[in-house]
*Asks:* 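Dumping the structure here so I can ask a few things about it.
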Amino acid sequence: MNLYAYFSDRIFAALDTLKADGVLPGDLVVRGVTAEPPRDPAHGDIATNAAMVLAKQAKMPPRELAEALAAVLAKDEDVVGVDIAGPGFINIRMSPAFWPRILTSVLELRGNYGSSEIGAGEAVNVEYVSANPTGPLHVGHVRGAVFGDALAALLDYSGFKVTTEYYVNDAGAQVDALARSAYMRYREALGQEIGDIPEGYYPGDYLKPVGELLAEKHGESLLGADETEWLPVIRAEAIDAMLALIKDDLASLGIQQDLFFSERSLIEGVTDKVAGTIDELRERGLIYEGRLPPPKGKTPEDWEDREQTLFRATEFGDDVDRALMKSDGSYTYFASDIAYHNDKYKRGFRNMIDVWGADHGGYVKRMQAAVKAVTAGEGALDVKICQLVRLFRGGEPVKMSKRAGDFVTLREVVDEVGPDPVRFMMLYRKNDAPLDFDFVKVTEQSRDNPVFYVQYAHARAYSVFRNTLEVFPDLKPESLNPVKLKLSLLESEEELELLRRIAQFPRVIEASSVAHEPHRIAFYLYELAGDFHSLWNRGKELPQLRFINAANRDLTEARIALVSSTAEVLASGLRILGVQPVREMR
RNA sequence: GGUCCCGUAGCUCAACUGGAUAGAGCGGCGGACUUCUAAUCCGCAGGUUGCAGGUUCGAGUCCUGCCGGGAUCGCCA
């Protein structure tokens, strides 16, 4: 149950009462009213801005309206105090008997507590990674991979029907370069001297096994052949090998996407979907032949003023119209991408999310313009940009030079520190802020390392469960009967603070989900872990606050219910982030 | 030059899409271990939210203009 959503219903009801009593005009439109936890707990449990937001419509001073509303809300049996503060905030204090219902709810729902129906089963498509299939994933891909995967899990938890997708760029010049590189390795495998790998080719050793495989499969049959003959064959097989590599890399982070969508299939399928999409747009007058002005500020050396096929992107908010055909007559990447998003829409996705790297920021407007055009305004595309990750080792930057080919691969990072720290740290920052990743810090066992801190809280909860059995051998968290617990025994300030934090989880899920910001869950878990560690330590100073009290079974049960609820929420949150909730620190 | 993102404590970052006295961690200082694992906790110090205007009951958040950092700029993907 989302306490705040639940309570805003009561506020709406109170407003209706005021309308019926003639205090408020009957045609008043309730909008912008929120029910949220106040920043300062001293202000109570729930705060609403209703009086301030509605004052103008009600033609009443906010404080006066607040008085009237407060009087109605005070009659609620779960409310023990209502006061008005500042410009017209209404602060509501819930009865102590109310809070335990949150725990009852957690214990009944367990791993589903906090899940939401705001998605209402609507289909949403999340596309992420989509790296060129020309080699293993490197560290630059990690963030988008983890982000997309966590966002998908979050949306799933919020009631959306999620499909995850990887767009395979298997149609451009880069996969031709891959094919040529693989062909060299093929010749090498057959004993030929190949010398240096030329500029613009892929020099990595990872193509050697591909060459050997090709040699094994084709023998010498492709050696004398013309490039036009061997290229499509080698290209297809090299791409397959690269995708196998990439899927393996993703699997090491626990990522498995639903669909790998081939760019080439758009053109080489039964119908040319790119041409089809362009035709659709042309019929609606959105395509024309024309010239583009050169970019302002600096004109490229090889600028050639020529007429080309353009999409009227400016009609949908873009800065310039965009080219769809290259000078050699093939489609631009953008043209295929429009067709791809059109295809997503036709497959039933009104909601699309693309996760891109920072270097594609300049591409957002045109893609959103294209989606607007191709879906006639029905589809929505949100593009999440992931900023760069900087690697450090013990505070020292890790040097990488892309030219020399010695970039750090995704696999190297995962192999060194494990998937959990990688995933958590990639989500412990807003996606559009740059992120520092330190190989040493992320495996440290200290508060400085949030991964550990949260994991430790979960493990500590399980340590309590183990210790409980020594005093009450049959007292297990999973055998507690939620309705029989004496939860009113939980009354210390620290316990209630933890309880209030647990009560906020559903709200955090919904807010993260609406904003497409999974990092909020990571921050929430860090705070929840902090509350739990804090309560734990209070038990050292005040033994009567310890979770296990041999002389009082009812109290112990109530506290185990609290600890168990904490563990459930930690586990649910971690599951969305894709991090294992461990039960023991080794 | 155009466009997009970012400027918040000494450092790294939050701030629930416009709410009350802007919060955490690190670092600094001072405390708590015969432990339900101190792998943790408690307290103190630290701010003109880059600058200047505007919008309104109310702005770190929205609008405009500057300053500073990053990304990108017909046919690459």
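Just so we're on the same page: letters track the sequence lines, and every chain starts at 1.
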*Asks:* How long is the line joining CH2 of A:Trp356 and P of B:C4, in whole Å?
*Replies:* 15 Å
*Asks:* Heavy-atom nearest nucleotide on RNA chain B for A:Leu435 versus A:Asn467: which residue maps closer to 5'?
*Replies:* A:Leu435
*Asks:* From CG of A:Asp438 over to C1' of B:C26, roughly how many Å is that when rounded to an integer?
*Replies:* 13 Å
*Asks:* Answer yes or no: are there more than 12 heavy-atom neighbours, outside A:Arg63 itself, under 6.0 Å from its atom CZ?
*Replies:* yes
*Asks:* With the side chain of A:Met52 defined as its heavy atoms from C-beta on, choose the nearest nucleotide among B:G19, B:U37, B:C76.
*Replies:* B:G19
*Asks:* Give A:Pro87 one of three labels, base, sugar-phosphate or nothing, depending on what nucleic acid heavy atoms sit under 4.0 Å from its own.
*Replies:* base
*Asks:* Could you tell me the Watson-Crick or G-U partner of B:C4, where both distances fall under 3.5 Å? Say none if there is no partner.
*Replies:* B:G70
*Asks:* Do A:Asp531 side-chain atoms and A:Glu495 backbone N/O form a donor-acceptor pair below 3.5 Å?
*Replies:* no
*Asks:* If the C1' atom of B:A52 is compared with that of B:G68, how far apart are they to the nearest Å?
*Replies:* 15 Å
*Asks:* Quick check: do A:Leu391 and A:Phe439 have side-chain heavy atoms less than 4.5 Å from each other?
*Replies:* yes
*Asks:* Under 4.0 angstrom, heavy atoms only, what part of the nucleic acid is A:Val175 near: base, sugar-phosphate, or nothing?
*Replies:* nothing
*Asks:* Under 4.0 Å between any heavy atoms, over every strand shown, what does A:Ala47 touch: base, sugar-phosphate, or nothing? Just pick one.
*Replies:* base
*Asks:* From CG of A:Asp436 over to P of B:G70, roughly how many Å is that when rounded to an integer?
*Replies:* 15 Å
*Asks:* Give none if B:C26 has no partner; otherwise give the nucleotide forming a Watson-Crick or G-U wobble pair with it, both distances under 3.5 Å.
*Replies:* B:G10
*Asks:* Between B:C16, B:C26, B:G74, which one does the side chain of A:Arg507 approach most closely?
*Replies:* B:C16
*Asks:* Determine the interatomic distance between C1' on B:C11 and the same-named atom on B:C51; round to the nearest Å.
*Replies:* 23 Å
*Asks:* Look at all strands and tell whether A:Gly361 reaches a base, only sugar-phosphate, or nothing, counting heavy atoms closer than 4.0 Å.
*Replies:* nothing
*Asks:* Let me know the distance between CD1 of A:Ile502 and P of B:C16, rounded to the nearest Å.
*Replies:* 22 Å
*Asks:* Would you indicate what A:Phe523 reaches in the nucleic acid, counting non-hydrogen atoms under 4.0 angstrom: base, sugar-phosphate, or nothing?
*Replies:* sugar-phosphate
*Asks:* Below 4.0 angstrom from OP1 or OP2 of B:C41, is there any side-chain N or O of A:Lys540?
*Replies:* no
*Asks:* Would one find a side-chain N or O of A:Arg447 under 4.0 angstrom from OP1 or OP2 of B:C26?
*Replies:* no
*Asks:* Donor-acceptor pair, A:Thr332 side chain versus A:Ala335 backbone, under 3.5 Å?
*Replies:* yes
*Asks:* Would you measure the distance from the C1' atom in B:G10 across to the matching atom in B:G28 and give it in whole Å?
*Replies:* 10 Å
*Asks:* Side chains of A:Asp321 and A:Tyr288: any donor to acceptor distance under 3.5 Å?
*Replies:* yes
*Asks:* Quick check on B:A15: is either OP1 or OP2 less than 4.0 Å from any side-chain nitrogen or oxygen of A:His519?
*Replies:* yes
*Asks:* Using a heavy-atom cut-off of 4.0 Å across all strands, would you classify A:Ser327 as base, sugar-phosphate, or nothing?
*Replies:* base
*Asks:* Look through every strand shown and name the nucleotide pairing with B:U40 as Watson-Crick or G-U wobble, where both distances are under 3.5 Å.
*Replies:* B:A32
*Asks:* Rounding to the closest angstrom, what is the interatomic distance between B:C66 and B:C41 at atom C1'?
*Replies:* 47 Å
*Asks:* Which is it for B:U34, anti or syn, if anything within 90° of zero counts as syn?
*Replies:* anti
*Asks:* Could you identify the nucleotide paired to B:U61, looking across every strand shown and requiring Watson-Crick or G-U wobble geometry with both distances under 3.5 Å?
*Replies:* none
*Asks:* So what does A:Glu527 touch, heavy atoms closer than 4.0 Å: a base, only the sugar-phosphate, or nothing?
*Replies:* nothing
*Asks:* Looking only at side-chain atoms of A:Lys56, point me to the closest of B:U40, B:U12, B:C57.
*Replies:* B:C57
*Asks:* Could you tell me how far B:C67 sits from B:A14 if I compare only their C1' atoms? Round to whole Å.
*Replies:* 25 Å
*Asks:* Name the nucleic acid region contacted by A:Asp432, choosing base, sugar-phosphate or nothing; use a 4.0 angstrom heavy-atom cut-off, strictly under.
*Replies:* sugar-phosphate
*Asks:* Would you find a donor on one side and an acceptor on the other, under 3.5 Å apart, between the side chain of A:Asn91 and the backbone of A:Ile84?
*Replies:* no
*Asks:* When you get a sec, tell me which of B:U40, B:G19, B:U3 is the closest nucleotide to the side chain of A:Lys365?
*Replies:* B:U3
*Asks:* Looking only at side-chain N and O atoms, does A:Ser534 come under 4.0 Å of OP1 or OP2 in B:C42?
*Replies:* yes
*Asks:* Counting only side-chain nitrogens and oxygens, does A:Tyr363 get under 4.0 Å of the OP1 or OP2 atom of B:C5?
*Replies:* no
*Asks:* Distance between the P atoms of B:U40 and B:A71, in whole angstroms?
*Replies:* 37 Å
*Asks:* Looking at B:A77, B:A14, B:U40, which one has an atom nearest to any side-chain atom of A:Arg429?
*Replies:* B:A14
*Asks:* Which of the following nucleotides, B:A20, B:C16, B:A77, is nearest to the side chain of A:Ala85?
*Replies:* B:A20
*Asks:* For A:Glu517 and A:Ser512, test the side chains for any donor-to-acceptor distance below 3.5 angstrom and give the result as yes or no.
*Replies:* no
*Asks:* Measuring only the C1' atom in each nucleotide, how far is B:G2 from B:A9? A whole number of Å is fine.
*Replies:* 36 Å
*Asks:* Is A:Lys430 close enough to B:A15 that one of its side-chain N or O atoms is under 4.0 Å from OP1 or OP2 there?
*Replies:* yes
*Asks:* Which value, in whole Å, describes the distance between the C1' atoms of nucleotides B:U34 and B:G30?
*Replies:* 25 Å
*Asks:* If you find the nucleotide of RNA chain B closest to A:Tyr333 and the one closest to A:Asp359, which residue's nucleotide is nearer the 5' end?
*Replies:* A:Asp359
*Asks:* Is A:Ser463 near enough to B:U37 that one of its side-chain N or O atoms lies under 4.0 angstrom from OP1 or OP2?
*Replies:* yes
*Asks:* Return yes when atom CZ of A:Arg291 has more than 12 non-hydrogen atoms of other residues, nucleotides or ligands closer than 6.0 Å, and no otherwise.
*Replies:* yes
*Asks:* Rounding to a whole Å, what distance do you find between A:Met367:CE and B:U72:C1'?
*Replies:* 17 Å
*Asks:* Looking at A:Arg559, A:Arg500, A:Arg538, A:Arg501, which hits salt bridge (charged side-chain N to carboxylate O under 4.0 Å, His left out) with A:Glu494?
*Replies:* A:Arg538
*Asks:* Given B:C41, B:A20, B:C76, which nucleotide is nearest the side-chain atoms of A:Asn537?
*Replies:* B:C41
*Asks:* Does a nitrogen or oxygen in the side chain of A:Asn169 sit under 4.0 Å from OP1 or OP2 of B:C76?
*Replies:* no
*Asks:* I'd like to check, for A:Tyr526, whether its ring lies over the base of B:A24 with centroids under 5.5 Å apart and a plane angle smaller than 30°.
*Replies:* no
*Asks:* So what does A:Pro434 touch, heavy atoms closer than 4.0 Å: a base, only the sugar-phosphate, or nothing?
*Replies:* sugar-phosphate
